[in-house]
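Single-structure report; data block below.
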Amino acid sequence: MESPSESVRLWFASAIAAVVEKKYPGSGIDNAQVLNSISVPKKEFGDLSSSIAIRLSKIAKKSPREIASEISTALERTDLVKEVLEAGGYVNLMLDEQKYSKIVFDAVNTAGKKYGANHDGNGRTVLIEFPAVNPNKPWHIGHLRNALLGDSISRILDFCSYNVEREDYIDDLGLQIAEIVWGSRNLPQEPVNKKFDQWLGEQYVKVNRMMEERNAKAEISEVLKRMEEPGTLEAVAARDMSMKCVRAQYETAAAYGIYHDVMVWESDIVHAKLLDKALKIGIDSGALERPAQGKNAGCLVMNLDKAREFGKAFENPNEHEKVIVRSDGTATYVAKDMAFHMWKLGILDADFRYANLGMQANGVALYSTASKGEEMDFGRADIVVNIIGSAQKYPQLILKAMLSLAGYPKKAASIVHVAYGEVSVDSGSLSGRSGGWMGEEKAYTADVLLEEAQKKALEATEKSKKIDDSSKISSISQEIGKAAIKFEYLRVSPEKPVVFSWSSALNFEGNSGPYCMYSYARAGRILKKGGYSGMAKRQDSDLIYKSATRGQDFELVKLIGGAGEVVKKAAAGYTTSVIADYVIDLTSTFSRFYESMHVLGDESKEYRMELVHIYMTTLSNMLALLGIGTVDEM
RNA sequence: GGGCCCGUAGCUCAGCUUGGAUAGAGCAGCACCCUUCUAAGGUGAUGGUCGCGGGUUCAAAUCCCGUCGGGCCCGCCA
């Protein structure tokens, strides 16, 4: 499935390559180089441009202008070609606006909600993990970055025909949970008078203070140990409390329109004995060793010197071994992660059972690993995507190196770490331990952020007095609030560190979610006023293309024709910012179009309404990839 | 000591994978545009040593080397 822009680009490349082959045989310029030389120039130069003549000039010992003009003259002409001209050494292609418009309009109308999609994934399974927040506090604005990235990347991959499994990892056996189990026995009982994750997060801050006062380290490590034994009071309490917390966190997720397919619990990984199987593979393959002497004697370690081929990170003069299993026989985090990834990639068959936790608002059931329940076929993924903070790059590298050394280099290569910069606030850290997420005036939680955004949207919607129905105002405002937040998060590339500010997170103008939604609503209104009723079914419907010009309407047509290439780029780089960027380009081009050309004015009406229609389809498809919905009016 | 990331307009960012024509948006500020399809909008002007210094190249924000500033990682923590 090629997008219109891609087809034209490929055609242009092959046409140029044919001329080059004929005029300059043996030049060494191949098709890939020609394709690479093609770009979209400023509109005064045309619609597509190739710089190949500049490259050829040295080989051919002629000026770029001479070569470009030679290529322009000899280039094959088709119906689609209006003109091919040389300018400044470039070969510039100008498309026939009527013919190309028809191609784009047909492509959008044929594909509809699938316009921009492709089959690149070919049904391969992607297991994507996000946000893996510890189950002892509400999602804060940093966790939200993870969740929104994961959600949007999932949508993009799904659009590219991957079979996407959205997985969340729940660490119910971590130190933080042990601390809160300990706290529940030592703190005075307080009633749960608010959302459970919020309540638990606040308790956790109190627990931390008390732990320090009482010097409770030894007691807590005892709790942690007992938590790992199935059936103990501690294990049951940990799981129970974690589940309540995750349920509350998932209310937040649902409010943002974020859903998962399966939760994997650390306690179930332990019970399913994944670790033993994984370690056996590690030892048998020689990836894991037992040093007889040195500081790590008695441990099971990975030899970092053997991992040098996997990156400079392992050329560390200070560390030559990574401990995988401690001398007391307990497993480190890395060990568990290795086992888990062996499961994700289908290297280990786990005896996971799954409980159906019920239908979510998106119509998909949520499953959770459990001690008993159904058998399901989660895992066995072709590609594993982990949305994890940049701080964990090194552990992720170790994981991949270890899988390679254990004999699975291809599987290791199919693990993708989408690393994102941490979100911070002026006042400091968002840590759960210190309670930094609680803020001073307003808590930095995903819940509060959404509330604030929706409050602001409600004020703006009421103020504009465009809508009468109050329930409609409320539902529209909710969408707008969500959109504002999502767009602000997803428009920046993930590695960029972010210092959170309320004013920029709640941006409603310019490059923003609400601006895009406004553009959509505005377009819809034009069609409504114009009495648009679908592409003209008349025999002579092709006549509408006579109205196409090379003005702002064609700028919009070209941009719409390029949606598919944008999606491919986003999927290839696991990045959402290219979509956001494109959407801004699209909406502002649309604004220029309708400001400069009256849609319902004259005999061009049919054509222009159809253009507005395909614009709406494209915009809504692209916004959907960011998890942003559309509204009819605002 | 070693490694990774970030540095582009006053502010927030895109562009860097794969080098190409005068480096793009938004916000703020300036001047305009609501009797004409919704002003959450549009137009115009202003604003840039692409951190800095070298190198490669016909051509560098983009590639290479060095350097400065900021952040992160390198544990028998998770």
Side-chain angles (χ1 to χ4, degrees), chain A residues 32-33 35-37 39 41-42 44-45 49-51 54-55 57-58 64 87-90 92 134 171 173-176 266 295-296 298-301 304 311-319 321-328 330 332-334 336-337 389-395 397-398 419 421-422 424 457 460-461 463-464 466 480 484 488 491-493 495-499 501 503-504 507-519 521-530 569 572-573 577-578 580-581 584-585 588 591-592 594-596 598-601 608-609 612 633-634:
Chain A
Q33 275 173 291
L35 193 58
N36 211 290
S37 76
S39 60
K42 300 215 164 196
E44 52 269 32
F45 291 123
S49 177
S50 168
S51 62
I54 306 172
R55 188 165 294 238
S57 88
K58 200 177 227 180
Y90 291 83
N92 292 331
N134 270 323
D171 184 7
L173 294 185
L175 187 61
Q176 300 202 352
E266 164 138 3
K295 63 172 181 171
N296 295 328
C299 298
L300 198 55
V301 305
L304 293 176
K312 286 193 202 168
F314 300 112
E315 293 175 18
N316 189 325
N318 297 336
E319 284 301 328
E321 287 170 348
K322 180 77 194 168
V323 173
I324 305 299
V325 176
R326 303 182 189 102
S327 53
D328 67 0
T330 57
T332 62
Y333 166 81
V334 186
K336 294 176 193 168
D337 213 26
S390 307
Q392 296 205 44
K393 274 196 174 184
Y394 183 60
L397 279 175
I398 290 196
E422 304 289 342
S424 60
T461 310
K463 199 175 145 202
S464 77
K466 303 252 170 56
I480 294 171
E488 275 312 294
R491 62 186 264 264
V492 301
S493 40
E495 294 262 335
K496 219 78 147 178
V498 168
V499 180
S501 89
S503 62
S504 72
N507 179 20
F508 281 47
E509 291 170 351
N511 292 349
S512 75
Y515 169 73
C516 298
M517 293 174 78
Y518 172 78
S519 173
R522 188 102 194 240
R525 181 60 68 86
I526 294 174
L527 292 191
K528 204 173 166 190
K529 283 219 167 158
K569 198 175 171 190
S577 59
V578 292
D581 218 33
I584 281 299
D585 207 1
S588 50
S591 295
R592 280 193 291 273
Y594 76 68
E595 291 281 347
S596 64
H598 200 81
V599 175
L600 307 177
R608 291 183 184 167
M609 283 203 297
V612 172
E633 51 186 336
M634 65 185 273

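Each chain gets a letter, A, B and so on, in the order the sequences are listed, and its residues count up from 1.
Taking atom P in both U57(B) and C11(B), one finds a spacing of 36 Å when rounded to whole Å. Taking atom C1' in both C30(B) and U46(B), the straight-line distance is 8 Å, to the nearest Å. Using P as the reference atom, C72(B) and C77(B) are 22 Å apart when rounded to the nearest Å. Comparing the C1' positions of C16(B) and A31(B) gives a spacing of 36 Å, expressed to the nearest Å. Between G51(B) and C6(B), the distance separating the two C1' atoms is 11 Å to the nearest Å. Taking atom C1' on both nucleotides, U18(B) is separated from C73(B) by 30 Å, rounded to a whole Å. Distance noted for atom C1' between C27(B) and A40(B): 14 Å (whole Å). Atom P of G75(B) sits at a distance of 28 Å from the matching atom of C64(B), rounded to the whole Å.
The side chain of Y594(A) sits closest to C37(B) out of G3(B), C76(B), C37(B). The nucleotide whose nearest atom lies closest to any side-chain atom of Y518(A) is, among G75(B), C6(B), G41(B), G41(B). Minimum atom distance to the side chain of E595(A) is reached by G42(B), of the listed C37(B), C6(B), G42(B). The side chain of K312(A) sits closest to C4(B) out of C76(B), A40(B), C4(B). With distances taken from any side-chain atom of S591(A) to the nucleotides G42(B), C37(B), C76(B), the minimum falls on G42(B). Listed nucleotides G1(B), A40(B), G7(B) differ in distance to A460(A); the shortest reach to its side chain belongs to A40(B).
A donor-acceptor contact under 3.5 Å links the side chain of N318(A) to the base of G1(B). With hydrogens and angles left out, the side chain of S49(A) and the base of A21(B) share a donor-acceptor pair within 3.5 Å. Interface remark: the N507(A) side chain does not form any donor-acceptor pair with the G26(B) base, using a distance-only criterion of under 3.5 Å. The base of C76(B) has none of its N or O atoms less than 3.5 Å from a complementary donor or acceptor on the side chain of N296(A). The base of A78(B) is not paired with the side chain of D337(A) by any donor and acceptor separated by under 3.5 Å. A donor-acceptor contact under 3.5 Å links the side chain of S327(A) to the base of C76(B).
The interatomic distance linking E495(A) (CD) with G7(B) (C1') rounds to 14 Å, in whole Å. Atom NZ of K393(A) and atom C1' of C6(B) are 10 Å apart (whole Å). One atom, CD of E315(A), and another, C1' of G1(B), lie 13 Å apart when rounded to the nearest Å.
Base contact: T461(A) has a heavy atom under 4.0 Å from a base atom.
Side-chain contact check for N316(A) versus L304(A): every heavy-atom pair is 4.5 Å or farther apart.
The residue among N134(A) and S519(A) whose nearest nucleotide of RNA chain B is located toward the 5' end is S519(A).
Residues R592(A) and S596(A) bring no donor and acceptor atom of their side chains to less than 3.5 Å of each other.
Across all strands shown, C74(B) is found opposite G1(B) as a Watson-Crick or G-U wobble partner, with both distances under 3.5 Å. The partner of A14(B) cannot be assigned: no Watson-Crick or G-U wobble pair with both contacts below 3.5 Å exists in any strand.
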